[in-house]
Amino acid sequence: MHSDAHSGTVSRLLAASLVVVALSPAPALSQEQLVVLSRTGSQATLVDPNTQEVLVRLPAGSSASELALSPDGRFAYVPNQSGHASMTEPGTVTVLDLVERRVETVYQPEGYRGLRDVTVGANGRRMWLTSEADSGIVELDVATGTVLMLWKTGAAKSHRVVITPDLRKLYVANGASDSVTVINRQTVVAKRIPAGLHPEDLDVAPNGRAIWVANRGDHTVSVIHAGRDRLVASLQSGGREPVRVRFRPDGYEVWVANYASSTLTIFDRYTQTLTDTIELEAGPWDILFSPDGRRAFVSAPDQNLVYVIDVATREVTESFYAGPNPTSLAWASNGHNSKGLQAR
C-alpha cells in the first residue's frame, strides 16, 4: 500500500499520536453549552441546555452539516463542503473557540474535496475527516491543521467516521458501497465489512467493543464485533430510514433516529432487542445525550426544532428553536467532549 520510507514516517506519526500527553489546561467554559449546527444558516448556535436560552450564534462556514469538539470542550471543528453538489472545490474546516465565542481559524486541508464528517481523538491531538470525493479519511494535526495522512477506504461515498477510544481503528460508513471500512492505524491495513443498504451513520460503544450502523436504504441496523471486525447481527430498525445511531453514555442502550417514520427506537445493546419506541411530530436527525445520560437532545430539521427527552420516562419534556434546519448536536463543558465522555 505504501513505500517503506512512507511506512516509516507513518509509524512515527502513529507512535506519537497514540501517546496521551499532559496538555496545558485550557480556560474553563463559563457554563455548559449545547452546540446546535444549522445547515441552512451555516451557523453554530450555543444554547444553555437547562434554560434553552440562545447564548450566541457563530458563523460555521458554507455547507456545514457535522461537527466535533475537542475533549476539553473548548473548540468545535466544522467541515465545510465547498461546492458540495459537484465536489469540485477544496473543502475547509472552520475552527470555533467556544470560550471566546469566535471563529479561531479556518483550515484548508491540501485541496481535499467533499469533506463531510469529522471526529476528534480522545487525546485531542488528531482529527479525521471523511472526504467523499477522495474515497478516504484525511488525518489532520488538530493544533496546526497539517495533513498527516490520507487513509483510503476502497469504497464510494465514505460518509461518516468514528474512531475507537484507544485511537487504533477508524470505522467508516460507505453510503454507496453498502459497507463499513475498518482501518487499523497501527498495521496500516484497511478491510471492508458488509453492512445494509446505504449505511448512513455509525457509532462505537464506549468500551470500543462494538460498532452499530444505521442503514438508511433497507431500514436495518448492522452490529459489528470490533475485536474480530466482522458483522455479527442485522436488525430491523423498528422504523423507516434510520439516519443516526447513538450509544447511551453508559453503553447499555442504543438509540436509533428513524427519519421517515418520525420515531426513535431504543435497543438493549447486549440482547440486541428493541425495547421502546418514541413517536415524534417530525423526523429526527441527530441524537445527543447529556453527560449524565439523563436527557437526550434530538434535532428535527424539518420542524426547525430540537426536542428534549427524559431518558428514564421516554417522554418529550420540551422543544426549542435554535436555528433553521438543525442537524448536528454537541455538548460543550469543561472536561467533556461532544458525546459526554470524560476527556483523557
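- Annotation for A60 and A44: closest pair CB-N, 3.9 Å, computed over non-hydrogen atoms.
- Atoms CD1 and OG, from I278 and S262 in turn, are 13.0 Å apart once rounded to the nearest 0.5 Å.
- Side-chain atoms of R57 and T45, non-hydrogen and from C-beta on, do get closer than 4.5 Å to each other.
- F75 is not listed as a side-chain neighbour of V120, based on a closest heavy-atom distance of 4.5 Å or more.
- Checked by atom type and distance alone, the side chain of R126 never pairs as donor or acceptor with a backbone atom of G121 at under 3.5 Å.
- Using a 3.5 Å distance cut-off with no hydrogens or angles, the side chains of N174 and S179 do pair a donor with an acceptor.
- At a cut-off of 3.5 Å, with distance as the only test, no side-chain donor of D268 or T273 sits close to an acceptor on the other residue.
- Remark: side-chain polar atoms of S237 are not paired, donor with acceptor, to backbone N or O of V221 under 3.5 angstrom.
- To the nearest 0.5 Å, the span separating CD on E110 from CG on L140 amounts to 8.0 Å.
- Listed for the S63 side chain is no donor-acceptor partner under 3.5 Å among the backbone atoms of N80.
- Residues R269 and N207 approach most closely at NH2-OD1, 3.2 Å, considering heavy atoms.
- The existence of a salt bridge linking E253 and R314 is confirmed by a sub-4.0 Å separation between a basic side-chain nitrogen and an acidic carboxylate oxygen.
- Using a 4.5 Å heavy-atom threshold, the side chains of Y77 and S70 count as touching.
- Not a single donor-acceptor pair under 3.5 Å links the side chain of S333 to the backbone N or O of E32.
- Side-chain contact check for Q33 versus R101: some heavy-atom pair is nearer than 4.5 Å.
- Under a 4.0 Å N-O distance rule, the pair D250/R248 qualifies as a salt bridge.
- Here the closest heavy-atom approach between residue G91 and residue L115 is recorded as C-CD1, 3.7 Å.
- Within the model, atoms CD of E200 and CZ of R160 stand 7.5 Å from one another, a figure rounded to the nearest 0.5 Å.
- No continuous path of hydrophobic side-chain contacts links F267 to Y259 [ILVMFWY only; heavy atoms under 4.5 Å].
- To the nearest 0.5 angstrom, K169 atom NZ is 8.5 Å from D166 atom CG.
- Inter-residue side-chain proximity for P59 and V103 is flagged as met; some heavy-atom pair is nearer than 4.5 Å.
- Side-chain contact between T92 and Q108 is present, with heavy atoms from C-beta onward closer than 4.5 Å.
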Query raised in the report: For L46 and V35, what are the C-alpha separation, side-chain angles and deciding distance, and is it a side-chain contact (heavy atoms from CB on, under 4.5 Å)?
Result: CA-CA 5 Å; L46 306 187; V35 187; 3.7 Å; yes
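- What you find for P90 and G111 is that their closest heavy atoms are CB-CA, 3.6 Å.
- The heavy-atom pair separating Y171 from I211 by the smallest distance is CD1-CD1, 3.7 Å.
- Using a distance-only test at 3.5 Å, with no hydrogens or angles considered, no donor-acceptor pair links the side chain of R39 to the main chain of N325.
- At distances below 3.5 Å, at least one donor-acceptor pair connects side-chain atoms of D178 with backbone N or O atoms of H198.
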Report task. Go through the steps to decide whether T220 and N215 satisfy the test side-chain hydrogen bond (donor to acceptor under 3.5 Å, both in side chains), and finish with yes or no. Result -> CA-CA 5 Å; T220 64; N215 303 304; 3.0 Å; yes
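- T327 places a side-chain N or O within donor-acceptor distance of the main-chain N or O of S65, the cut-off being under 3.5 Å.
- Between the CD atom in E139 and the CH2 atom in W128 there is a gap of 5.5 Å [rounded to 0.5 Å].
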Requested in this report: Could you walk me through whether L150 and Y112 pass side-chain contact (heavy atoms from CB on, under 4.5 Å), step by step?
Outcome: CA-CA 10 Å; L150 174 67; Y112 290 106; 3.7 Å; yes
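- Looking at heavy atoms from C-beta onward, S234 lies out of side-chain contact with V223 at the 4.5 angstrom threshold.
- Note on L58 and L69: same hydrophobic cluster, where clusters join Ile, Leu, Val, Met, Phe, Trp and Tyr whose side-chain heavy atoms are under 4.5 Å apart, directly or indirectly.
- Heavy-atom minimum distance, E66 versus V78: O-CG1, 3.5 Å.
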Requested in this report: Could you go through the side-chain contact (heavy atoms from CB on, under 4.5 Å) check for R244 and D201 one step at a time?
Outcome: CA-CA 5 Å; R244 290 292 181 270; D201 186 48; 3.3 Å; yes
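- Under the 4.0 Å criterion applied to side-chain N and carboxylate O atoms, K157 and E132 are not assigned as salt-bridge partners.
- V161 and V245 fall into different hydrophobic clusters, where Ile, Leu, Val, Met, Phe, Trp and Tyr side chains are chained together by heavy-atom contacts under 4.5 Å.
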Query raised in the report: For S261 and N258, what are the C-alpha separation, side-chain angles and deciding distance, and is it a side-chain hydrogen bond (donor to acceptor under 3.5 Å, both in side chains)?
Result: CA-CA 6 Å; S261 57; N258 300 285; 4.7 Å; no
Query raised in the report: Please walk me through it: do T153 and S158 pass side-chain hydrogen bond (donor to acceptor under 3.5 Å, both in side chains)?
Result: CA-CA 7 Å; T153 62; S158 298; 2.6 Å; yes
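- The CG atom of L305 sits 12.0 Å away from atom CD of E318, with the distance rounded to the nearest 0.5 Å.
- With salt bridges taken as basic N to acidic carboxylate O contacts below 4.0 Å, none links D310 and R295.
- The side chain to side chain donor-acceptor pair (under 3.5 Å) test applied to T119 returns no partner, not counting sequence neighbours.
- Between L34 and L288 there is a side-chain heavy-atom pair separated by less than 4.5 Å.
- Between the S177 side chain and the A156 main chain, a donor and an acceptor come within less than 3.5 Å of each other.
- Side chain of R192 to backbone of G154: a donor-acceptor contact under 3.5 angstrom is found.
- Cluster membership for W212 and V162, using ILVMFWY side-chain heavy atoms within less than 4.5 angstrom, is not shared.
- When the side chains of ILVMFWY residues are joined at heavy-atom separations under 4.5 Å, either directly or via intervening members, V256 and V232 end up in a single hydrophobic cluster.
- Within a 6.0 Å sphere centred on CZ of R209, other residues, nucleotides and ligands contribute 12 heavy atoms or fewer.
- Ring geometry for F320 against F297 counts as perpendicular: the plane angle is over 60°, on a 0 to 90° scale with 30° as the lower cut.
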N/O donor to acceptor pairs below 3.5 angstrom from side-chain atoms of residues 280-287, sequence neighbours left out:
residue	atom	partner	partner atom	Å
E281	OE1	Q303	NE2	3.3
D286	OD1	R246	NH2	3.2
D286	OD2	L329	N	2.8

Query - Step-by-step side-chain contact (heavy atoms from CB on, under 4.5 Å) determination, L129 to I137 - result: CA-CA 5 Å; L129 302 153; I137 304 300; over 6 Å; no
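- Side-chain N or O atoms of Q52 include one that pairs as donor or acceptor with a backbone N or O of P49 at under 3.5 Å.
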